[in-house]
Protein chains: 2
Amino acid sequence: MATTETRRRADAERNIAAILDAALVLFTEEPQSSMVAIARAAGVGRVTLYSHFPSREVLLEAVLDRTIAEAGEVIKKAAPEEGSATEALRRLLRTSWHALNQHRKLFDLAQRELGPVRLRQRHREVVDHVEGLLTRGQEEGVIRTDLPTNWLVTTVYGLLHAAADEVNTGQLKAEEAADVLEATLLPALRS
Amino acid sequence: MATTETRRRADAERNIAAILDAALVLFTEEPQSSMVAIARAAGVGRVTLYSHFPSREVLLEAVLDRTIAEAGEVIKKAAPEEGSATEALRRLLRTSWHALNQHRKLFDLAQRELGPVRLRQRHREVVDHVEGLLTRGQEEGVIRTDLPTNWLVTTVYGLLHAAADEVNTGQLKAEEAADVLEATLLPALRS
DNA sequence: CTTAAGTCGAACATGAGTGTTCGAGTTAAG
DNA sequence: CTTAACTCGAACACTCATGTTCGACTTAAG
């Protein structure tokens, strides 16, 4: 934390955090949100926003980095290496569906606005956890092997996205999301 | 067809068709496409475009109407009322996954640009076919009843969308899409 | 308390998309 | 062949988002 960087004042630090928080919400809820909207939502002047993040692109990248890091943490806490693959997948869905969905939405946005190339690698960090888990399940014989692992990962993310949308539009309660997801995904994935 | 309307010249008719074709492609591939881009893709001047569709909104609505109508036709041809519900669902996926996916993408776009209210009704026309099919399957005992029908419909569309994206990015061959979809959806939906 | 760091509103420059108007040129239809 | 329908490029007015600059004001830190 305490690097030899130029030291920043406490209020600057606070504003940066507020901006990243607001940007995450707006980018995932309404991808085409303007810088003005983000500044307002963060309770900050437009100039301040630009002084910390010189362009929309830089801001998007910062939000992406932070979210990927957080998603990584959340996934690690779900311990995808422990217990049977099915158990681990259940744990992952229960604790991480929200984080994984944010990751997905940001990834879609970044793919459009930054181009496909620039985030492949960072994207991998998160997706690999899911893919690794599924591969382990295939080796254990509990996950189907008649379809490419790649497609199974897509299935997980696709349904995650669908469930999160339903929660957003109020057709599904947030507490039920994990149950519904589990009940749909497990039969789709098992051998 | 031959109403008492002001009769249009043949080249106008041709241009309108070209515009709708181009707009469908661009709207589904790149939702934020500009009117300029659409005009160019249709091989038509900007003024001509505006003379037929006075605003982006009107154009979007026209594309939506036409696509919903076409999707309705395609679905009807798959005869969702005939045979067992499982058989019918198989037929539907095999013949209509592409049309259903176009419908979904346009619906997402319209929801953002026209607001949620204005297309609920038209949207229903297409979704009801799928929902009706699933309800019938539930009555026949082949489709699960432990989850709301609503969610099952979402599952179908969610995976449809995921598969279509994979086809777009070249990770899945178009010929395989229906097979993969069927292999994933049937276990997820059956009781 | 002093000062450097940070904030903020107002104003400006730029670029891109939308929609309109004009007028000259094409083209289909009778 | 005549005419009305249609096309199309150029130019314009308008809005909206992005960034930048200026100068005055506030606030944290030593």
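Atom set for the values below is all heavy atoms of this structure, side chains included, hydrogens, waters and symmetry mates excluded. Letters go in sequence order (proteins before strands), and every chain restarts at 1. Values in this document were obtained by computation on a predicted structure and should not be read as measured data.
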By side-chain hydrogen bond (donor to acceptor under 3.5 Å, both in side chains), which residues pair with [X], not counting sequence neighbours?
| X | result |
| --- | --- |
| A:T184 | B:W151 |
| B:R56 | B:E113 |
| A:Q111 | none |

Where is the tightest heavy-atom contact between A:V156 and A:L185, given as atom of each residue plus distance?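 For A:V156 and A:L185, the tightest heavy-atom pair comes out as CA-CD2, 4.0 Å.
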Are more than 12 heavy atoms, taken from residues, nucleotides or ligands other than A:R124, located less than 6.0 Å from that residue's CZ atom?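 Counting other residues, nucleotides and ligands, CZ of A:R124 stays at 12 neighbours or fewer.
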For the CZ atom on A:R40, are there more than 12 heavy atoms of other groups (residues, nucleotides or ligands in this structure) within a distance under 6.0 Å?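 It does not: A:R40 CZ has 12 such atoms or fewer within range.
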Quick one: B:R40 CZ to C:dA16 P, roughly how many Å, whole number?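 Interatomic distance, CZ of B:R40 to P of C:dA16: 13 Å.
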Using the side chain to side chain donor-acceptor pair (under 3.5 Å) definition, which of the options A:E140, A:Q138, A:E139 pairs with A:R136?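 Going through the options one by one, the only one that passes is A:E140.
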Partner set under side-chain contact (heavy atoms from CB on, under 4.5 Å) for A:E13, not counting sequence neighbours: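 Expected list: A:R8.
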Counterpart residues, side-chain contact (heavy atoms from CB on, under 4.5 Å), relative to A:E61 (two or more places apart):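 Checked A:E61 against side-chain contact (heavy atoms from CB on, under 4.5 Å); matches are A:L114, A:R118, A:R122.
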Could you check which of C:dG17, D:dT7, C:dG6 has an atom nearest any side-chain atom of B:N15?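 It is D:dT7.
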Keeping to residues at least two apart or across chains, list the side-chain hydrogen bond (donor to acceptor under 3.5 Å, both in side chains) pairs with something in residues 71-81 of chain A.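 Sorted pair list comes back empty.
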Scan for side-chain hydrogen bond (donor to acceptor under 3.5 Å, both in side chains) pairs involving residues 43-52 of chain B, sequence neighbours excluded, and state none if there are none.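 Those involving residues 43-52 of chain B do not exist here.
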Nucleotide N/O to protein N/O under 3.5 Å, stretch nucleotides 24-30 of chain C:
residue: C:dT27; atom: O2; partner: B:R9; partner atom: NH1; Å: 2.9
residue: C:dT27; atom: O2; partner: B:R9; partner atom: NH2; Å: 3.4

Where along residues 42-63 of chain A does a heavy atom fall under 4.0 Å from DNA chain D?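 Per residue number, the list reads A:R46, A:V47, A:Y50, A:P54, A:S55, A:R56.
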Kindly state which residues belonging to residues 16-33 of chain A come within less than 4.0 angstrom of DNA chain D, counting heavy atoms of the residue only, listed by number.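 Nothing qualifies; none.
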Do the charged groups of B:D108 and B:R104 touch, with an N to O distance under 4.0 Å?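 The answer is yes: the pair qualifies as a salt bridge.
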Pairwise ring pair (Phe, Tyr, Trp, His ring centres under 6.0 Å) hits with a residue in residues 97-123 of chain B, at least two apart: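 Those involving residues 97-123 of chain B are B:H103-B:H123, B:F107-B:H123.
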For the helix from C:dC1-D:dG30 to C:dG30-D:dC1, what angle separates the axis at the start from the axis at the finish, each from five pairs, in steps of 10°?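 The angle, to the nearest 10 degrees, is 30°.
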